[in-house]
A.B. asks: 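What follows is a structure written as structure tokens; I'll ask about it next.
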Amino acid sequence: MDTMKKVKDIETALAFFAEASFKQAQATEQGDYKTGNKYYDIIVKATTFIKNVNAIDSLHQYLSNPSVGVRMWAAYYLLNAYEKESVKVLEEISKSSSIYALTADTTLSEWRKGSLEF
């Protein structure tokens with residue numbers, strides 16, 4: 001699926017982001033890295049579009065999404081714009097027993113070191 005050809009507006013990009021974040025998390029839980037990578041690519045393309053139209057704030061609505069994958073990806077991309085809220089979301093995930101705890105913890109560690117580039 002060539003996501004960028006289908007993304008014409010923020011709403012479409014947000015829909016791709018939410019769906020891909022959810023499905024990437026599902027694939028991760030199932031150990032299906034090929035599918036996970038496919039959805040990761042869609043997440044990156046959708047957020048690139050969102051950033052290019054200066055609408056990164058529109059991801060804020062996903063910080064309270066029921067899906068841990070959607071929350072985690074939204075928090076990652078919002079660290080610059082909504083640091084306090086994003087760190088809180090990532091800290092909650094890092095303290096869980098989920099498969100995402102290490103990812104959230106590593107993200108926070110790299111953020112605090114200043115090693116993350118967006």
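Everything quoted here is computed from the prediction, not taken from an experiment.
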A.B. asks: Rounded at 0.5 Å granularity, tell me how far CG in Leu102 sits from OG1 in Thr107.
C.D. replies: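 So the gap between those two atoms works out to 9.0 Å.
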
A.B. asks: Roughly how far, to the nearest 0.5 Å, is CD1 of Ile43 from OH of Tyr40?
C.D. replies: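 Between atom OH of Tyr40 and atom CD1 of Ile43 there are 8.0 Å.
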
A.B. asks: Would you name the heavy atoms of Gly36 and Ala27 that are closest together and state the gap between them?
C.D. replies: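 For Gly36 and Ala27, the tightest heavy-atom pair comes out as N-CB, 3.5 Å.
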
A.B. asks: With no hydrogens and no angle check, is any side-chain donor or acceptor of Ser86 less than 3.5 Å from a backbone partner on Glu83?
C.D. replies: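 No.
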
A.B. asks: Can you tell me how far OH of Tyr77 sits from CE of Met72, rounded to the nearest 0.5 angstrom?
C.D. replies: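 Spacing of CE (Met72) from OH (Tyr77) equals 11.0 Å.
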
A.B. asks: Should Tyr100 and Glu29 be marked as a side-chain contact (heavy atoms from CB on, under 4.5 Å) after you check the CA-CA gap, both sets of side-chain angles, and the distance that decides it?
C.D. replies: CA-CA 9 Å; Tyr100 311 104; Glu29 290 168 8; 2.7 Å; yes

A.B. asks: Can you list, pair by pair, the side-chain donor-acceptor contacts under 3.5 Å of residues 18-26, counting residues two or more places apart and other chains?
C.D. replies:
| unit_1 | atom_1 | unit_2 | atom_2 | d |
| --- | --- | --- | --- | --- |
| Glu19 | OE2 | Lys23 | NZ | 2.8 |
| Ser21 | OG | Phe17 | O | 2.8 |
| Gln24 | OE1 | Trp73 | NE1 | 3.1 |
| Gln24 | NE2 | Thr28 | OG1 | 3.3 |

A.B. asks: Treat each ILVMFWY residue as a node, draw an edge where side-chain heavy atoms are under 4.5 Å apart, and state whether Leu116 and Ile56 are in one component.
C.D. replies: yes

A.B. asks: To the nearest 0.5 angstrom, please state how far the NZ atom of Lys84 sits from the CG atom of Leu79.
C.D. replies: 15.0 Å

A.B. asks: Over all heavy atoms of both residues, which pair between Ala46 and Ala13 is shortest? Give the atoms and the distance, please.
C.D. replies: CB-O, 3.5 Å

A.B. asks: Might you point out which heavy atoms bring Ala75 and Val89 nearest each other, and give the distance in Å?
C.D. replies: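 In terms of heavy atoms, the two residues are closest at CB-CG1, 3.9 Å.
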
A.B. asks: Apply side-chain contact (heavy atoms from CB on, under 4.5 Å) to residues Leu14 and Leu59 and explain how you reach the verdict.
C.D. replies: CA-CA 7 Å; Leu14 289 171; Leu59 292 177; 3.8 Å; yes

A.B. asks: Kindly compute the distance separating CD1 (Ile10) from CG (Asn52), expressed to the nearest 0.5 Å.
C.D. replies: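 Result: 11.0 Å between the selected atoms.
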
A.B. asks: So Asn80 and Trp111, side-chain contact (heavy atoms from CB on, under 4.5 Å) or not? Walk me through it.
C.D. replies: CA-CA 10 Å; Asn80 280 329; Trp111 172 253; 3.1 Å; yes

A.B. asks: Report the residues that fulfil side chain to side chain contact (heavy atoms under 4.5 Å, CB included) with Ser109, sequence neighbours left out, ordered by chain and then residue number.
C.D. replies: Lys113

A.B. asks: Rounded to the nearest 0.5 Å, what's the gap from CD1 on Ile93 to CD on Glu91? Could you check?
C.D. replies: 11.0 Å

A.B. asks: Output every pair passing side-chain hydrogen bond (donor to acceptor under 3.5 Å, both in side chains) with a member in residues 56-68, not counting sequence neighbours, ordered by first then second residue.
C.D. replies: His60-Glu85

A.B. asks: With side-chain contact (heavy atoms from CB on, under 4.5 Å) as the criterion, how do Lys45 and Val7 come out once you've worked through the C-alpha distance, each side chain's angles and the decisive distance to 0.1 Å?
C.D. replies: CA-CA 9 Å; Lys45 288 176 183 175; Val7 175; over 6 Å; no

